[in-house]
K.L.:
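Quick one: the structure is below, questions incoming.
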2 protein chains.
Amino acid sequence: MCTKKELPACPVETTLTMISNKWKVLILRDLLTGTKRFGELKKSLTGVSQKVLTSQLREMEENGLVERKAYPEVPPRVEYSLTPLGRSLKPIMDAMRVWGEQYKQQNA
Amino acid sequence: MCTKKELPACPVETTLTMISNKWKVLILRDLLTGTKRFGELKKSLTGVSQKVLTSQLREMEENGLVERKAYPEVPPRVEYSLTPLGRSLKPIMDAMRVWGEQYKQQNA
DNA sequence: CGGGATCCGAGAGGATACTG
DNA sequence: CAGTATCCTCTCGGATCCCG
């Protein structure tokens with residue numbers, strides 16, 4: 001992704017290469033509250049298919065936002081958590097949450 | 001959109017209904033610096049087709065983020081600007097810009 | 001200049017079945 | 001449980017032409 005290639009000129013675009021996708025934002029929101037198992041994420045993100053959820057998590061892992069830890073157990077257990085880079089996106093998430101709350105109040 | 005219908009339970013999702021799209025974020029970035037003509041937006045947003053740009057602007061207009069002003073001239077002139085609601089998204093845009101700048105520095 | 005209308009292809013994403 | 005593998009649908013978005 002943005003590893004070695006030239007980054008976009010605009011900082012906002014750089015951010016978008018990370019979280020332009022709706023599901024990624026919601027995954028981020030969930031993982032900001034702590035480590036989650038795959039099944040927990042799937043249940044929380046209503047409407048997402050496991051295929052899409054998996055692909056989004058893989059991309060976020062490649063981008064260095066998410067860490068995947070698989071435990072060699074039966075039945076298998078896989079836990080996802082945010083890396084420091086992933087957690088550094090928190091101000092953006094906070095701003096989005098604040099805006100959503102305000103908007104909801106105005107339209108109540 | 002979110003006019004009369006039930007809003008998502010999560011504030012973040014509410015925000016996403018407004019700016020889940022990449023182009024909308026970039027349109028927002030451009031219009032935060034002031035009113036722009038259609039052609040200016042098209043030139044600034046490299047890679048967007050006029051069809052997509054038009055549809056995104058229409059949706060943002062319906063969502064109350066953007067105001068469209070057409071002047072009855074020849075050749076026609078159409079100016080787009082942000083409504084107060086659109087400008088209220090600035091904190092989110094700022095957070096995205098800040099994050100992008102920091103990320104670029106770390107990977108310089 | 002700022003679109004609307006139409007056609008078309010790629011690919012995102014759903015549903016289902018199977019597996020370590 | 002947490003995937004992978006197929007298949008298949010259908011939307012998004014690009015390209016092109018036309019119009020006030």
Side-chain angles (χ1 to χ4, degrees), chain A residues 1 8 13 16-31 33-63 65-83 86, chain B residues 1 8 13 16-31 33-63 65-83 86:
Chain A
M1 313 305 74
E13 288 189 57
L16 282 176
T17 61
M18 291 295 190
I19 54 168
S20 64
N21 185 297
K22 167 192 170 184
W23 293 121
K24 290 185 183 177
V25 176
L26 295 178
I27 291 171
L28 220 51
R29 174 202 60 183
D30 280 6
L31 292 185
T33 67
T35 299
K36 293 275 188 308
R37 296 185 58 169
F38 183 84
E40 293 180 277
L41 287 173
K42 181 154 172 27
K43 199 191 322 176
S44 173
L45 307 179
T46 27
V48 75
S49 65
Q50 76 279 47
K51 175 182 155 186
V52 171
L53 179 53
T54 300
S55 69
Q56 298 302 314
L57 284 168
R58 291 288 179 279
E59 289 182 16
M60 295 176 76
E61 200 184 347
E62 291 174 15
N63 286 343
L65 299 180
V66 161
E67 188 183 10
R68 180 182 185 269
K69 200 178 296 183
Y71 295 86
E73 306 173 354
V74 176
R77 179 164 56 106
V78 179
E79 289 184 348
Y80 291 93
S81 58
L82 291 185
T83 64
Chain B
M1 300 296 67
E13 288 189 58
L16 282 175
T17 62
M18 292 295 192
I19 53 168
S20 63
N21 186 298
K22 166 192 172 184
W23 294 121
K24 290 185 182 177
V25 176
L26 296 178
I27 291 170
L28 220 50
R29 174 202 61 182
D30 280 6
L31 292 185
T33 67
T35 298
K36 293 274 188 309
R37 295 184 60 169
F38 183 83
E40 293 181 278
L41 286 173
K42 181 153 171 28
K43 198 191 321 176
S44 173
L45 308 180
T46 27
V48 75
S49 65
Q50 77 281 45
K51 173 183 158 187
V52 171
L53 178 54
T54 301
S55 69
Q56 298 302 315
L57 284 168
R58 290 288 179 278
E59 289 182 17
M60 295 176 76
E61 199 183 348
E62 292 174 15
N63 287 343
L65 299 180
V66 161
E67 189 182 10
R68 177 181 187 271
K69 200 177 295 181
Y71 296 86
E73 307 173 353
V74 176
R77 179 165 56 107
V78 180
E79 290 184 347
Y80 291 93
S81 58
L82 291 184
T83 63

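Here is the naming used below: chain letters follow the sequence lines, and residue numbers restart at 1 for every chain.
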K.L.:
Does anything in residues 38-52 of chain B pair up under side chain to side chain donor-acceptor pair (under 3.5 Å), and if so which pairs, sequence neighbours excluded?
P.N.:
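Listed once each, the pairs are D30(B)-S44(B).
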K.L.:
Step by step, work out the side chain to side chain contact (heavy atoms under 4.5 Å, CB included) result for T54(B) and F38(B).
P.N.:
CA-CA 9 Å; T54(B) 301; F38(B) 183 83; 3.6 Å; yes
K.L.:
Please determine if a side-chain N or O atom of R37(B) lies less than 4.0 Å away from the OP1 or OP2 oxygen of dC1(C).
P.N.:
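No, because none of the side-chain N or O atoms of R37(B) sits under 4.0 Å from OP1 or OP2 of dC1(C).
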K.L.:
Applying salt bridge (Lys or Arg N to Asp or Glu O under 4.0 Å), run through E13(B) and K22(A) and close with a yes or a no.
P.N.:
CA-CA 9 Å; E13(B) 288 189 58; K22(A) 167 192 170 184; 5.6 Å; no
K.L.:
With sequence neighbours left out, what residues match K36(B) under salt bridge (charged side-chain N to carboxylate O under 4.0 Å, His left out)?
P.N.:
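By the salt bridge (charged side-chain N to carboxylate O under 4.0 Å, His left out) rule, K36(B) matches no residue at all.
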K.L.:
Closest-nucleotide mapping onto DNA chain C: is G47(A) or P75(A) further toward the 5' terminus? I mean the 5' end.
P.N.:
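Upstream on the strand: G47(A).
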K.L.:
For the atom pair CD (Q56(A)) and CG (L41(A)), what is the distance rounded to the nearest 0.5 Å?
P.N.:
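Reported to 0.5 Å precision, the distance equals 12.0 Å.
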K.L.:
Quick one: do K24(A) and E59(A) make a salt bridge, cutoff under 4.0 Å?
P.N.:
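Salt bridge flag = yes for E59(A) with K24(A).
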K.L.:
Can a donor-acceptor pair be found, under 3.5 Å and without considering hydrogens, that links the side chain of S55(B) to the backbone of V52(B)?
P.N.:
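Judged by distance alone, yes, a pair lies under 3.5 Å.
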K.L.:
Can you tell me the distance, in whole Å, between the CD atom of E59(A) and the C1' atom of dA12(C)?
P.N.:
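In whole Å, dA12(C) C1' lies 11 Å from E59(A) CD.
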K.L.:
What residues form a salt bridge (charged side-chain N to carboxylate O under 4.0 Å, His left out) with E79(B), not counting sequence neighbours?
P.N.:
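If we apply the salt bridge (charged side-chain N to carboxylate O under 4.0 Å, His left out) test to E79(B), skipping adjacent residues, the hits are R77(B).
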K.L.:
Any donor-acceptor pair under 3.5 Å linking the side chain of N63(B) with the backbone of L65(B)?
P.N.:
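No, the answer is negative, given that no donor and acceptor are paired below the 3.5 Å cut-off.
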K.L.:
Mind calculating the distance between NZ (K42(A)) and C1' (dA15(C)) to the nearest angstrom?
P.N.:
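For the pair K42(A) NZ and dA15(C) C1', the rounded distance is 11 Å.
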K.L.:
Report the end-to-end axis angle of the helix from dC1(C)-dG20(D) to dG20(C)-dC1(D); each axis comes from five terminal pairs, and the value is rounded to 10°.
P.N.:
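The helix from dC1(C)-dG20(D) to dG20(C)-dC1(D) shows an end-to-end axis angle of 50°.
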K.L.:
Provide the start and end nucleotides, 5' to 3', of the part of DNA chain D that has atoms under 4.0 Å from heavy atoms of chain A.
P.N.:
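Contact boundaries, 5' end first: dC1(D) to dC7(D).
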K.L.:
With the criterion being N/O to N/O and under 3.5 Å, what pairs connect the protein with nucleotides 3-5 of chain C, and how long is each?
P.N.:
from	atom 1	to	atom 2	distance (Å)
dG3(C)	OP1	R58(B)	NH2	3.2
dG3(C)	OP1	R68(B)	NE	3.2
dG3(C)	OP1	R68(B)	NH2	2.4
dG3(C)	OP2	Y80(B)	OH	2.7
dG4(C)	OP1	R58(B)	NH2	3.2

K.L.:
So do the side chains of T83(A) and V66(A) get within less than 4.5 Å of each other, counting heavy atoms only?
P.N.:
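Heavy-atom side-chain distance check fails, nothing below 4.5 Å.
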